[in-house]
There are 2 protein chains.
Amino acid sequence: MTVTIYDVAREAGVSMATVSRVVNNNPNVKPATRKKVYEAIERLGYRPNAVARGLASKKTTTVGVVIPDISNSIFAEVARGIEDIANMYHYNIILCNADKKKEKEIRVINTLLEKQVDGLLFMGGAVTEEHEQAFRTANVPIVLCATTDEKGQIPSVDIDHEAAAYDAVGKLISNGHTRIAMISGTLQDPANGYARFQGYKRALQDAGLPYDDEIVRVGNYRYESGVEAMKYFVELADRPTAVFAATDEMAIGAIHCIQDSGLHVPEDISVISVDNSRMASMVRPQLTAVAQPMYDIGAVSMRLLTKLMKKENVERGTVVLPHEIVERQSVGGISK
Amino acid sequence: MTVTIYDVAREAGVSMATVSRVVNNNPNVKPATRKKVYEAIERLGYRPNAVARGLASKKTTTVGVVIPDISNSIFAEVARGIEDIANMYHYNIILCNADKKKEKEIRVINTLLEKQVDGLLFMGGAVTEEHEQAFRTANVPIVLCATTDEKGQIPSVDIDHEAAAYDAVGKLISNGHTRIAMISGTLQDPANGYARFQGYKRALQDAGLPYDDEIVRVGNYRYESGVEAMKYFVELADRPTAVFAATDEMAIGAIHCIQDSGLHVPEDISVISVDNSRMASMVRPQLTAVAQPMYDIGAVSMRLLTKLMKKENVERGTVVLPHEIVERQSVGGISK
DNA sequence: CTGTTAGCGCCTTCAG
DNA sequence: CTGAAGGCGCTAACAG
C-alpha cells in the first residue's frame, strides 16, 4: 500500500541508506545513482514519512506556534512574519488556535510538545505559573511573541506596551485634551491590558491631569465592547473630549458609537488606539494609532527561535521593538 | 534526558505494555496498577512521544487544514467550526497557511501528508489538476471546505455561490435598481470569483436587464481593491445606482469610496455583498449581505471528514449549505 | 489483567 | 561513494 524507502531502494537497485542520502540531500552520492534514485522515487510516487523520520532523527524541522485568537488580524500579521522567516530556514510551522482560553493554551502547548516540535512560539496573553510549568518540562526552546513574562526569564520579542500607551495618550494631551477616557483591555492581560492602562495613567500623571475612573471602562478587545464603553462615556454629563482605546477594534467601535450618537470624530471627540491593524484605514475617519510592528515581531521572534534551536548563543533574550505613531484623521485639537 | 515509556515502566514496576495501556485509557488495567503507573508518570514528568506513537500505530489523530489566507476573517470563522468538531472527536488540528498561492498550497498539502495526518481539510480557491494529483496520492480522506472541485469528485461542503450572488443581485433588482455594478473576485477563482459573477449575470438576465461590462471590475477581495473599483464607477457618466461586491471587504471599500466622493449610501448608491463576516456590522451604514454559514461550513466539513476517516459510509459526498440574506442599512430603494 | 515480542519507516554510525 | 545493522519510542497482537 504505502511505498517506503525500502521499496525505492529495491526499485533503484541500491540500499536504503543511499535512498536516505539522496532524499536528505547528502552530497556523498554519485550523480548517476542519485539520478536512478530520483527516477525510482518518481516512478513509485514515494513520499517520505515525516513521522518515521522524526523518530529516527529526533528532529521534526517544525515549530509550533500557538495563536491566542485566530480571528484577530493582529496575530495573523505576526504569523506572516513568523512564516516568512520559517520558510527561509526550512522549518515547517504548525499553527494552533487557543481561543483566548488559558486552559486551551496549556493543552495545545502540550500537544505541540508531544508532537516533538523543535521549538515553540507562544503568542498569548498572560504567562502564568501553569504556562511556565509546561514550558519548563519542554526540552526545546521557546520564545514569547507579542507578549512577555513578568520575570523576563523567557526569551521574548514585543513592544513596550506601557510606552506605546503613554505615547498615544501623550498625543492627545499635546493636542490640548484634558479629559481623556480610556477603553482598556482586561487588567489580567499584562501586555495589551495592564501595561497599556499603566501607560495611560502615567501620561495623565506626567501632564498633571487627574485620574478619574469614571472615564475608564474595561472591554474585551472586540468591536462591540468598544461601542458599549463609548455609549457610557457619551452620556456622561462631563463628557470626555478624547478617548484612548487599547486596541483598534475597540477604537472603531467607539468611533461608530460616537457617530451613531450624532457627534463627530474628531470634532467632538478624538479617538486614538494602539495596534494599527489593517482595519485602522478601514473606517471613516481613518484611525490614528500607535503602530506596533506586527510583522517584525513575528519575524524577529522566529529568527531568535532558530538561533536558539541551533544552540547559537544570543546576546539579549528579550527584545523590545520600537513603536511609532501613525497619524490619520481621528485625532483633533481642542479649541472650545 | 527524555523520559520514555520504558522508564515509567521500570519506575512503576510494570511492563511497558501496561504503561501504554493506561496512557491510552485501555480499560484492561487493574485500578491499583493504573494508579501506580499514574504516579510514576507524574514523578518522572513523562510526556508521551506522539511521533513514536504515530509510527507504531499508523495514526496521528490529527487532521491538517490548509487555510488560503490567515488574515481573512472568513476562514477564521470556518476554522472555529472545524476546531469545535475536531475537539469533540478528539482530533488535533494543525493549520497551515497557504498565502493564497497555489504553489504554496501544494507544498503544505504535501507537508501535511508527509506528517501523516489522518485527514485533510482543504479550504482554498481553485482545485486544479495539480491539487487533484496531490490529493490522489494521499491515502487519507480529504474534504474541500468552502470550495468545490469542478467535477464534484471530491467530498466538499460549501454554499451555492452562484445562487447566493443571484439572490444578492435579486434583492437590488426588487428594490428597483436597474443599473447595477459588480465588483468581482478573480474569475479564476471558481467559488468566490467565477460563480458569483455568473449569479450576477443570471440575475440581470432573468430580470431582463442588459449586461454591461463597463460596470464590472475585478478586485482581489481586499478593501483597497473595493475602493479602486468604486472610484471608477463613481466617475462614470451613467453612474450605477447599486453595486454588488463579491465580498464584504470589497463592499466596505466601496462604501467608503462612495462616502469619500461626497455621496451617500444607500441614498445615492446601494451596496450589497456576499459573506456577512463580522466586519459587515463594523461599518456605517452597516452592510446588507448574503450570509454564508461559515461556522457551519467548518463544522459540517469536519464532521464529514471524521466519518470518512472512520470509513463510515456517507450518503452524499458534496453538501451544499443554505445561505440567507441579512438586511442592514446599505441597500435602499430607487425613487428618482 | 499483564508481559513478551515484533515491528512501524527512517536515520546514522560504522565498515568497506 | 555505498551497504549493513542497530535503534528512535511506542503499539499491537499473542500468550499466559
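Quick note: numbers below take in every heavy atom, side chains included, and nothing from hydrogens, waters or symmetry partners. Naming: A, B, ... by sequence-line order, numbering from 1 per chain.
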Exercise for the section: Starting from the first five and the last five pairs of the helix from C/dC1-D/dG16 to C/dG16-D/dC1, work out the angle between the resulting helix axes, to 10 degrees. Expected result: 30°
Respond yes when some side-chain nitrogen or oxygen of [X] is under 4.0 Å from OP1 or OP2 of [N], and no when none is.
X: A/Thr2; N: C/dG9; value: yes
X: B/Tyr46; N: D/dC10; value: yes
X: B/Asn49; N: D/dC8; value: no

Practice task
Could you list the residues that satisfy salt bridge (charged side-chain N to carboxylate O under 4.0 Å, His left out) with B/Glu315, not counting sequence neighbours?
Solution key: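 For B/Glu315 there are no salt bridge (charged side-chain N to carboxylate O under 4.0 Å, His left out) partners, ignoring immediate neighbours.
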Handout entry: Partners meeting salt bridge (charged side-chain N to carboxylate O under 4.0 Å, His left out) with A/Glu150 (sequence neighbours left out)
Key = none
Completion exercise
Sorted by chain and number, sequence neighbours left out, ring pair (Phe, Tyr, Trp, His ring centres under 6.0 Å) with A/Tyr91 holds for none
Exercise for the section: Measure the shortest side-chain to side-chain distance between B/Phe122 and B/Ile109 over non-hydrogen atoms and say whether it is less than 4.5 angstrom. Expected result: yes
Problem - Side-chain heavy-atom pair A/Leu112, A/Ile94 within 4.5 angstrom cut-off - result: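 Yes; the side chains approach each other to less than 4.5 Å.
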Handout entry: Of all pairs that satisfy side-chain hydrogen bond (donor to acceptor under 3.5 Å, both in side chains), the ones with a partner from residues 63-88 of chain A, not counting sequence neighbours
Key =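 Of all non-adjacent pairs touching residues 63-88 of chain A, those that pass side-chain hydrogen bond (donor to acceptor under 3.5 Å, both in side chains) are A/Asp69-A/Ser71, A/Glu77-A/Arg80, A/Glu83-B/Lys104, A/Asp84-A/Tyr295.
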Exercise for the section: Can you tell me which residue pairs pass the side-chain hydrogen bond (donor to acceptor under 3.5 Å, both in side chains) test with a partner in residues 27-37 of chain B, sequence neighbours excluded? Expected result: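 Qualifying pairs: B/Lys35-B/Glu39.
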Identify every side-chain donor-acceptor pair in residues 43-50 of chain B under 3.5 Å, counting partners at least two apart or on other chains, and give the distances.
unit_1: B/Arg43; atom_1: NH1; unit_2: B/Glu11; atom_2: OE2; d: 2.2
unit_1: B/Arg47; atom_1: NH1; unit_2: A/Asn110; atom_2: OD1; d: 2.6
unit_1: B/Arg47; atom_1: NH2; unit_2: A/Thr137; atom_2: O; d: 3.2
unit_1: B/Arg47; atom_1: NH2; unit_2: A/Thr137; atom_2: OG1; d: 2.7
unit_1: B/Asn49; atom_1: OD1; unit_2: B/Val51; atom_2: N; d: 2.7
unit_1: B/Asn49; atom_1: OD1; unit_2: B/Ala52; atom_2: N; d: 3.0

Practice task
Answer yes or no: does atom OH of B/Tyr38 have more than 12 heavy-atom neighbours from other residues, nucleotides or ligands under 6.0 Å?
Solution key: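 Atom OH in B/Tyr38 is packed in, count exceeds 12.
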Exercise for the section: For atom CD of A/Glu42, decide whether the heavy atoms of other residues, nucleotides or ligands shown that lie under 6.0 angstrom number more than 12. Expected result: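 Check fails, neighbour count at 12 or below.
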How long is the line joining [atom1] of [X] and [atom2] of [N], in whole Å?
X: A/Glu114; N: D/dC8; atom1: CD; atom2: P; answer: 20 Å
X: A/Lys59; N: D/dG9; atom1: NZ; atom2: C1'; answer: 18 Å
X: A/Arg47; N: C/dC8; atom1: CZ; atom2: P; answer: 20 Å
X: A/Tyr6; N: D/dA4; atom1: OH; atom2: C1'; answer: 12 Å
X: B/Gln116; N: D/dG9; atom1: CD; atom2: P; answer: 19 Å
X: A/Asp7; N: C/dG9; atom1: CG; atom2: P; answer: 9 Å
X: A/Asn24; N: C/dG9; atom1: CG; atom2: P; answer: 17 Å

Of the residues in [range], which ones touch DNA chain C at a heavy-atom distance under 4.0 Å?
range: residues 9-21 of chain B; value: B/Val14, B/Ser15, B/Ala17, B/Thr18, B/Arg21
range: residues 25-45 of chain A; value: none
range: residues 50-58 of chain B; value: B/Leu55, B/Ala56, B/Lys58

Problem - Main-chain N/O of B/Gly54 paired to B/Thr60 side chain as donor or acceptor, under 3.5 Å - result: no
Handout entry: Exam field: side chain B/Asp189 to backbone B/Ala191, donor-acceptor pair closer than 3.5 Å
Key =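 Between the backbone of B/Ala191 and the side chain of B/Asp189 there is a qualifying donor-acceptor contact (under 3.5 Å).
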Problem - Partner set under side chain to side chain donor-acceptor pair (under 3.5 Å) for A/Asp149, not counting sequence neighbours - result: none
Can you give each donor-acceptor pair under 3.5 Å made by side-chain atoms of residues 305-313 of chain A, sequence neighbours left out, with the distance rounded to 0.1 Å?
unit_1: A/Thr306; atom_1: OG1; unit_2: A/Arg303; atom_2: O; d: 2.6
unit_1: A/Thr306; atom_1: OG1; unit_2: A/Arg303; atom_2: NH1; d: 2.6

